[in-house]
Amino acid sequence: MTVVTRFAPSPTGYLHIGGARTALFCWLYARAKGGKFLLRIEDTDKERSTQAAIDAILDGLNWLGLGGDEPPVLQSTRAARHAEVAHELVKRGAAYHCPVTAEELQARRDEAEALQKKKAAEGSLSASDQSRMEDLLKPFRSPWRDLSKPLPPGAPTVVRLRMPDVGDLVVSDHVQGTVSRAYADLDELVLLRSDGSPTYMLAVVVDDHDMGVTHVVRGDDHFLNTFRQLPIYHGMGWPAPEYAHVPLIHGPDGKKLSKRHGATAVDEYRDALGYLPEAMRNYLLRLGWSHGDDEIISDSQAIEWFDLDALNKAPARLDFAKLDSVNKHYIALADDDRLFALWSARPEARKLSDMERGRIRTAVPALKSRSANLVQFSERARFLTDLRPIQLEGKSAALLTDEARSRLSALLEALAGVNDWAESAIKVALTQYCDQNGISMGKIGPVLRAVLTGGAPAPDIALVLALLGRNEAFARMGDYARTGG
RNA sequence: GGUCCCUUCGUCUAUCGGUUAGGACAUCUGGUUUUCAACCAGGAAAGAGGGGUUCGACUCCCCUAGGGACUGCCA
């Protein structure tokens with residue numbers, strides 16, 4: 001049997017980082033088993049679904065390299081099929097027409113809640129109220145479920161799933177393990193609304209079945225839904241898929257990840273934070289999954305090693321420091337041209353002139369091993385684009401004594417003799433100067449660095465001179481050298 | 001309220017009854033040094049609490065505490 005997994009977001013917003021991880025697991029499992037990874041947009045809620053959200057989600061998935069193997073299925077286009085199945089379920093006796101309205105059900109819940117509040121306020125309830133409340137709190141069973149009662153003529157009805165009263169439903173989940181629940185604890189849910197439209201519970205099952213999904217990998221907020229959906233498979237005589245409910249991602253404080261934690265949408269990880277997709281995959285993979293002591297895991301290793309059963313049950317917290325360190329590894333590994341292209345697309349890069357960008361392009365090999373993300377890359381590149389005269393702050397300013405200014409003049413002369421303006425030749429010239437004057441690099445390094453970079457982070461001083469170019473380097477030194485010396 | 005799930009260093013995790021409880025990130029100390037970083041050496045750091053089962057529990061069972069999910073004609 002070919003493994004088929006699917007990622008099925010509802011297009012009501014952006015692609016959440018937790019969803020991205022779920023998608024990664026689906027994708028990896030399909031790849032690991034030589035199966036297919038499919039996408040389905042659950043847009044049955046017309047009020048909340050937008051094309052912009054669909055685009056954003058697909059864009060996020062593509063950035064992460066998690067595109068589907070087939071074009072995405074739009075759930076909204078399949079309503080007729082969903083209804084067909086609902087009616088088949090009625091025919092087979094697994095569901096029934098029910099005239100109970102949403103308002104009546106809501107009234108039931110309201111009454112139960114009111115009694116609960118009363119109990120909380122007064123400490124206890126009268127015997128009749130207590131039993132009334134317990135009754136109301138029980139899973140809903142419609143009076144029309146056994147078909148003995150005639151339907152009121154002309155009243156709108158929904159198609160409702162018939163839930164068994166006795167027995168347990170057992171689910172063997174790849175992540176959650178074997179969990180059982182009594183049928184008696186399950187509501188009889190609506191399958192087809194009174195307007196004939198399908199509900200989520202029905203639609204997922206029908207679509208998963210029709211798409212040939214063999215493994216449902218989803219957030220564990222859906223775990224209990226499995227018990228509601230399985231009876232639909234049973235009712236239709238369909239084989240149920242295998243399940244893996246993966247825990248949600250939490251914020252650094254251990255609470256469910258929300259906007260106040262900062263980045264929740266994957267495009268923020270790309271745009272605002274400057275992470276690489278391969279680093280995201282590696283980091284997300286390690287959040288809740290492990291393979292011994294391995295930390296840096298390539299895509300091919302991940303595909304070879306990944307297994308649903310090795311996923312942890314407990315939710316993991318996001319740790320940006322760790323993400324940074326993983327990302328740093330992949331930045332150092334990245335191809336120079338690609339890295340430069342990624343960086344060039346950033347707003348801070350677009351503001352620069354061609355000449356400045358050119359300087360940075362040359363510096364990519366030196367810069368990339370020093371940056372945890374593209375934001376930091378920009379920061380590390382700043383010394384190449386700061387405008388003259390370089391602002392000396394704090395310690396840098398204190399270094400600029402009269403003696404230092406004379407040194408700069410002398411160095412200017414010494415470096416003037418360097419014909420081939422490259423790191424190695426510059427290094428030789430600097431060393432020679434130190435030798436001839438009987439001083440160590442410690443005498444000139446800090447001063448040079450100060451006037452060249454203003455104290456901004458920068459690589460080796462000879463490399464800095466080289467990257468700046470002869471003219472810019474001399475100009476920056478000249479700004480602070482003793483005049484007339 | 002009910003049902004279900006979770007709990008090892010600050011964080012991600014290893015351990016699948018017998019280990020000095022290991023690794024990574026972060027952190028601290030020292031070294032190197034022309035800044036930052038990198039690098040090298042070293043350190044501190046964990047089984048939520050309480051009961052069992054067992055010759056022996058992080059590991060199995062129960063209880064408590066804390067956290068979470070579900071309880072819609074939303075998905």
Side-chain angles (χ1 to χ4, degrees), chain A residues 8-12 42-45 47-49 75 98 100-103 105-106 109 112-113 115-116 119-120 133-134 137-140 156 158-160 175-177 179-182 184-187 189-195 197-201 203-204 219-225 227-228 245 247-248 250 252 254-256 283 286-296 312-326 328 332 369-372 376 379-380 383 395-396 430 440-450 453 455-462 464:
Chain A
S10 61
T12 54
E42 310 225 315
D43 57 345
T44 52
D45 187 343
E47 301 288 304
R48 300 196 298 154
S49 302
Q75 190 161 66
C98 173
V100 176
T101 65
E103 290 72 26
L105 251 19
Q106 187 57 48
R109 286 190 290 268
E113 196 182 331
L115 284 168
Q116 279 180 303
K119 184 176 183 178
M133 183 184 82
E134 284 170 12
L137 251 16
K138 277 187 199 152
F140 178 68
V158 298
V159 172
R160 196 179 287 282
V175 179
Q176 306 294 327
V179 179
S180 75
R181 251 198 119 174
D185 291 333
L186 267 7
D187 272 309
L189 50 279
V190 171
L191 265 18
L192 259 199
R193 301 186 182 97
S194 48
D195 66 359
S197 66
T199 61
Y200 162 79
M201 291 296 171
V204 217
D220 75 0
D221 48 337
H222 283 288
F223 184 57
L224 266 6
N225 285 338
F227 293 91
R228 303 192 173 89
H245 286 89
L248 272 14
H250 283 181
K255 302 287 184 196
K256 191 172 166 183
Y283 176 74
R286 279 290 288 104
L287 223 46
W289 181 87
S290 61
H291 181 268
D293 285 339
D294 293 304
E295 295 289 346
I296 296 297
N312 275 146
K313 280 200 219 183
R317 304 181 192 200
L318 223 38
D319 179 3
F320 288 95
K322 179 89 173 241
L323 212 203
D324 267 341
S325 94
V326 172
K328 181 168 195 163
S369 59
R370 315 164 61 83
S371 314
Q376 221 174 70
E379 172 64 17
R380 304 281 193 236
F383 76 96
K395 278 188 282 185
S396 304
L430 289 177
S440 68
M441 268 299 286
K443 272 291 186 206
I444 60 167
V447 186
L448 264 180
R449 188 172 289 282
T453 70
D460 178 85
I461 204 72
V464 168

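Chain letters run A, B, ... following the sequence lines, proteins first, then strands; residues in each count from 1.
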Could you tell me the separation between the [atom1] atom of [X] and the [atom2] atom of [N], rounded to a whole number of Å?
X: Trp289(A); N: U13(B); atom1: CH2; atom2: C1'; value: 12 Å
X: Glu295(A); N: A26(B); atom1: CD; atom2: P; value: 11 Å
X: Lys322(A); N: G10(B); atom1: NZ; atom2: C1'; value: 13 Å
X: Lys313(A); N: C4(B); atom1: NZ; atom2: P; value: 13 Å
X: Gln116(A); N: G2(B); atom1: CD; atom2: P; value: 9 Å
X: Asp185(A); N: C5(B); atom1: CG; atom2: P; value: 12 Å
X: Arg317(A); N: C9(B); atom1: CZ; atom2: P; value: 10 Å
X: Phe227(A); N: C4(B); atom1: CZ; atom2: P; value: 9 Å

Proximal nucleotide (of G22(B), U3(B), C6(B)) relative to the Asp293(A) side chain: G22(B)
Sugar-phosphate or base contact per nucleotide [nucleotides 63-75 of chain B; S, B, -; heavy atom under 4.0 Å]: ------BSSSBBB
Letter per nucleotide, 5' to 3', of nucleotides 33-40 of chain B [B base touched, S only sugar-phosphate touched, - untouched; heavy atoms, 4.0 Å]: -BBBBS--
Interatomic distance, [X] atom [atom1] to [Y] atom [atom2] [nearest 0.5 angstrom]:
X: Ile296(A); Y: Asp294(A); atom1: CD1; atom2: CG; value: 10.0 Å
X: Glu42(A); Y: Ser49(A); atom1: CD; atom2: OG; value: 9.5 Å
X: Asp460(A); Y: Leu430(A); atom1: CG; atom2: CG; value: 9.0 Å
X: Cys98(A); Y: Arg160(A); atom1: SG; atom2: CZ; value: 4.0 Å
X: Asp220(A); Y: Asn225(A); atom1: CG; atom2: CG; value: 11.0 Å
X: Gln106(A); Y: Thr101(A); atom1: CD; atom2: OG1; value: 10.5 Å

Using Watson-Crick or G-U wobble geometry with both distances below 3.5 Å, tell me the partner of [N], or none.
N: C16(B); value: none
N: A65(B); value: U7(B)
N: G1(B); value: U71(B)
N: C39(B); value: G31(B)

If I pick the [atom1] atom on [M] and the same atom on [N], what distance separates them, to the nearest angstrom?
N: C9(B); M: U15(B); atom1: C1'; result: 15 Å
N: G31(B); M: G50(B); atom1: P; result: 43 Å
N: C16(B); M: G30(B); atom1: C1'; result: 40 Å
N: A21(B); M: G67(B); atom1: P; result: 31 Å
N: A44(B); M: A38(B); atom1: P; result: 22 Å
N: A75(B); M: C70(B); atom1: C1'; result: 14 Å
N: U59(B); M: C6(B); atom1: P; result: 14 Å
N: G47(B); M: U64(B); atom1: P; result: 23 Å

Heavy-atom pair with the smallest gap, counting every atom of Asp43(A) and Gln75(A): OD1-N, 3.3 Å
Heavy-atom side-chain contact between Leu318(A) and His250(A) under 4.5 Å: no
pair Leu189(A)-Phe140(A): side-chain heavy atoms closer than 4.5 Å: no
Sugar-phosphate, base or nothing in reach of Gln176(A), heavy atoms under 4.0 Å: sugar-phosphate
Touch class at under 4.0 angstrom, heavy-atom based, for Gly288(A) against every strand present: sugar-phosphate
Salt bridge Lys322(A)-Glu295(A), side-chain N to carboxylate O under 4.0 Å: yes
Given RNA chain B, 5'-ward residue of the pair Ser325(A) and Asp319(A), judged by closest heavy atom: Asp319(A)
Arg193(A) vs Ser197(A), side-chain hydrogen bond (donor to acceptor under 3.5 Å, both in side chains): CA-CA, chis, key distance, verdict: CA-CA 5 Å; Arg193(A) 301 186 182 97; Ser197(A) 66; 2.9 Å; yes
